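Reading through the structure tokens given below for one structure.
Atoms within each ligand, like the ligands themselves, are counted from 1 in listed order. We number each residue from 1, following the sequence as shown. Fair warning: this is a prediction, and the values are worked out from it, not measured in the lab.
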Amino acid sequence: MKQSFYDLSYAELAAVVDENNFNNTVTSVLFNWYYKKKATVPCAGKISKASLNFFEQHYDFSLPDIDTVYQSKKDRAVKFLFKLKDNHKVETVLIPFNNKYSICLSSQVGCAMRCSFCFTGEQGLTRNLSTAEIIGQFLMAWRWLATHRPGEQRILNIVFMGQGEPLHNFDAVKNACDIFLSQHGTSIAAQKITISTAGYIPGLKRWSREIPGVNLALSLHSTLAETRNELIPINKKYPLDQVLEYIDQIPLSKKQFVTYEYILIDNVNDSPEDAKELGGLLVGKSAYINLIPFNPFPGSRYSSPDLDKVERFKAELDAFKIPTLIRGAKGDDVLAACGQLNSNDQHNC
Ligand code: SAH
């Protein structure tokens with residue numbers, strides 16, 4: 001089977017170009033063609049016929065197929081179910097804001113973290129996605145917008161908050177970030193890309209060394225070891241205090257901050273005392289808190305607190321003067337909100 005062109009970082013492509021003695025402009029021309037222009041036809045840029053033939057012959061330029069598209073009637077969110085070459089499926093979400101979009105990408109088929117509040121976690125891990133399958137979600141969503149919502153193909157932020165634990169599939173996620181960041185590629189600024197983790201320390205270490213400008217979000221969800229162990233089982237192996245200790249010693253750039261995500265689950269982690277503990281833990285850090293009321297899914301064992309409770313939790317936190325946002329559940333009518341993604345399409349209406 002041919003290797004996918006979309007698996008290659010800029011440096012890897014440049015090495016292939018070099019090995020084959022093609023003019024070194026071939027790398028930037030190909031990146032421009034496929035990532036900046038997002039062209040769907042073979043490259044017609046200014047490169048030699050020999051280099052064009054070589055890439056056509058040796059590389060696969062196909063992308064994942066869109067199996068199903070779910071469009072929210074509430075808020076213009078769009079969820080894509082992609083079908084991969086081996087028939088596995090993953091989901092991707094376009095989250096709207098002012099006629100622009102953030103894209104929520106999947107990094108794995110399923111997830112090994114098995115968080116008890118997450119629909120993907122129930123699936124377990126099937127396999128890692130390749131770089132091409134990650135980049136493919138972005139390019140295919142862009143093409144869909146260009147066809148179905150012309151003029152709206154503005155995907156300005158990338159969040160690795162779909163299916164999977166991105167730091168558990170570091171190599172592919174790193175290569176995808178390389179392509180997103182490349183000035184010849186999609187040229188997206190590092191501050192516009194966020195990787196969300198359940199606290200997988202080996203991956204955190206690589207993130208801090210290899211792609212430190214890309215933002216980090218930590219799924220915190222409880223300051224109490226017992227509760228966090230129940231919600232995020234890898235807390236037993238990589239406890240929160242060790243994760244925070246590690247994050248605290250990473251030098252962040254001036255404008256950079258870490259996002260701490262906190263799901264609010266009724267009567268599990270949503271009391272005023274929980275809020276005070278959370279504020280006490282994060283005060284003084286370059287932190288931003290995202291409160292996410294739990295999004296239910298078929299068969300979920302938890303429920304979401306009512307709005308009053310959510311607002312009280314936020315009011316307690318506000319005393320600590322940490323910027324805090326209550327994240328709305330965009331796209332929840334098509335199960336496109338956080339934690340509602342699952343590769344089995346039969347649950348979708
Ligand atoms: N594995 C990564 C990224 C995927 S989940 C991580 O754990 O961060 C992206 C975010 O959605 C995480 O903060 C996760 O905790 C949250 N999430 C998962 N299930 C959810 C649910 N049912 N309701 C609300 N948020 C959920």
Side-chain angles (χ1 to χ4, degrees), residues 77 79 90-93 95 102-125 128-129 134 137 157-170 172-173 176 193-204 207 214-222 227-228 230-235 237-238 240 243 247 258-266 268-270 278 287-305 310 313 325-332 334-343 347:
K79 181 170 78 167
V90 287
E91 295 184 323
T92 306
V93 184
I95 308 156
S102 291
I103 192 164
C104 176
L105 296 177
S106 291
S107 54
Q108 297 179 311
V109 179
C111 185
M113 302 295 121
R114 293 204 173 269
C115 299
S116 60
F117 50 81
C118 179
F119 202 13
T120 310
E122 287 198 343
Q123 271 181 255
L125 177 67
N128 281 333
L129 293 187
I134 296 172
Q137 297 169 56
N157 295 291
I158 296 176
V159 294
F160 283 92
M161 293 187 186
Q163 286 163 277
E165 165 56 47
L167 294 185
H168 196 218
N169 180 18
F170 192 84
V173 168
I193 305 178
T194 302
I195 289 181
S196 179
T197 180
Y200 182 64
I201 290 182
L204 267 176
W207 163 74
V214 167
N215 289 315
L216 183 76
L218 176 72
S219 295
L220 202 152
H221 308 338
S222 176
T227 311
R228 197 164 189 271
E230 185 200 312
L231 296 175
I232 307 178
I234 67 149
N235 191 60
K237 189 154 185 205
Y238 304 115
L240 181 62
V243 175
I247 292 176
V258 173
T259 301
Y260 294 91
E261 296 162 283
Y262 193 98
I263 299 190
L264 289 164
I265 305 177
D266 198 30
V268 173
N269 63 354
D270 62 341
L278 179 63
Y288 191 103
I289 301 176
N290 254 338
L291 295 177
I292 319 169
F294 171 74
N295 292 311
F297 51 84
S300 54
R301 68 177 103 156
Y302 301 117
S303 56
S304 183
V310 173
F313 192 95
L325 190 86
I326 301 173
R327 202 154 79 190
K330 288 191 177 159
D332 59 347
V334 289
L335 288 184
C338 288
Q340 294 185 313
L341 305 185
N342 191 287
S343 300
H347 67 276

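The shortest N or O to N or O distance between His221 and ligand 1 is below 3.5 Å.
The proximity of Asn295 to ligand 1, defined as any non-hydrogen pair under 4.0 Å, involves the side chain as well as the backbone. When heavy-atom distances to ligand 1 are checked against a 4.0 Å cut-off, Glu165 comes that close through both its backbone and its side chain. Counting heavy atoms under 4.0 Å from ligand 1, residue Thr120 does not touch it at all.
Counting the atoms of ligand 1 from 1 in the order shown, those under 4.0 Å from a heavy atom of Ile292 are 24 (C), 25 (N). Every atom of ligand 1 is numbered from 1 in the order shown, and the set under 4.0 Å from a heavy atom of Ile263 is 15 (O), 17 (N), 20 (C), 24 (C), 25 (N), 26 (C). Remark: ligand 1 atoms within the under-4.0 Å shell around heavy atoms of Gly162 are 4 (C). Of all the atoms in ligand 1, the ones that sit under 4.0 Å from a non-hydrogen atom of Ala198 are 6 (C), 7 (O), 8 (O). Per-residue contacts place Phe294 under 4.0 angstrom from the following atoms of ligand 1 (heavy atoms of the residue considered): 21 (C), 22 (N), 23 (N). When each atom of ligand 1 is checked for a heavy atom of Cys118 under 4.0 Å away, the hits are 18 (C), 19 (N).
Residues Glu261 and His221 meet the side-chain proximity criterion, which asks for heavy atoms closer than 4.5 Å. Two residues are said to be in side-chain contact when any heavy atoms from C-beta on lie closer than 4.5 Å; Ile265 and Asp270 fail this criterion. When side chains are defined from C-beta on, Leu167 does not count as touching Val173, because their heavy atoms never get closer than 4.5 Å. Under the 4.5 Å side-chain criterion, counting only non-hydrogen atoms from C-beta, Phe294 is in contact with Ser300. Inter-residue side-chain proximity for Trp207 and Pro166 is flagged as unmet; no heavy-atom pair is nearer than 4.5 Å. For the pair Ser196/Ser219, a side-chain contact is recorded, criterion being any heavy-atom separation below 4.5 Å from C-beta on. At least one side-chain heavy atom of Phe160 sits less than 4.5 Å from a side-chain heavy atom of Ile134.
Gly199 does not count as a contact of ligand 1, since none of its heavy atoms falls under 4.0 Å from the ligand.
Glu165 and Thr197 are linked by a side-chain donor-acceptor pair at a separation below 3.5 angstrom, with hydrogens and angles left out of the test.
Among Gly164, Ser107, Gly121, the residue whose heavy atom lies nearest to atom 1 (N) of ligand 1 is Gly164. Closest heavy-atom approach to atom 7 (O) of ligand 1 within the set Ser196, Ser219, Pro166, Cys111: this belongs to Ser219.
Using bins of under 30°, 30° to 60° and over 60° for the plane-to-plane angle, the ring pair Phe297/Phe119 lands in the parallel bin.
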